[in-house]
Amino acid sequence: MKKEQKDCVALYFNLFKEAMKEEGLIFGIVMDKKDPDASKLAFLDREVYLSEQKTDGITISLREMNKGLI
């Protein structure tokens, strides 16, 4: 990966992370051990997760995230 690519991804990730912080959200990973490509990135409400251990939120599969990139 070129330095410019790394810098671009880091910039957008930091912006996204700040938006998550402002909204009180956290990241999670839902692993599929049988098919790692079916694993998902989860976006969860921080307070609900910490107080009730509920993982209710939005999930996006890695396949969906990579659609159109490969």
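- Looking only at side-chain heavy atoms (C-beta outward), I26 and L44 come within less than 4.5 Å of each other.
- In this structure, N14 CG and Y12 OH are separated by 12.5 Å, a value rounded to the nearest 0.5 Å.
- The NZ atom of K40 lies 11.0 Å from the CD atom of E64; values are rounded to the nearest 0.5 Å.
- Rounding to the nearest 0.5 Å gives a distance of 13.0 Å between CG of L62 and NZ of K67.
- To the nearest 0.5 Å, the span separating CE on M20 from CZ on F43 amounts to 5.5 Å.
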Exercise for the section: Apply salt bridge (Lys or Arg N to Asp or Glu O under 4.0 Å) to K2 and E4, showing your working. Expected result: CA-CA 5 Å; K2 296 175 187 172; E4 293 83 12; over 6 Å; no
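- The neighbour count for D35 CG, taken as heavy atoms of other residues, nucleotides or ligands under 6.0 Å away, is above 12.
- With rounding to the nearest 0.5 Å, the separation of OG in S39 from CE in M31 is 4.0 Å.
- Counting non-hydrogen atoms of other residues, nucleotides and ligands closer than 6.0 Å to CD of Q5 gives a total above 12.
- Two different hydrophobic clusters hold V48 and F27 under the rule that ILVMFWY side chains link at heavy-atom gaps under 4.5 Å.
- Heavy-atom neighbours of L15 CG from other residues, nucleotides or ligands within 6.0 Å: above the threshold of 12.
- Cluster annotation: I58 is connected to L41 through the hydrophobic network of ILVMFWY side chains, with a link wherever side-chain heavy atoms come within less than 4.5 Å.
- Across all non-hydrogen atoms, the minimal contact from K6 to M1 is CG-SD, 3.3 Å.
- Expressed to the nearest 0.5 Å, how far NZ of K54 lies from CD of E47 amounts to 14.0 Å.
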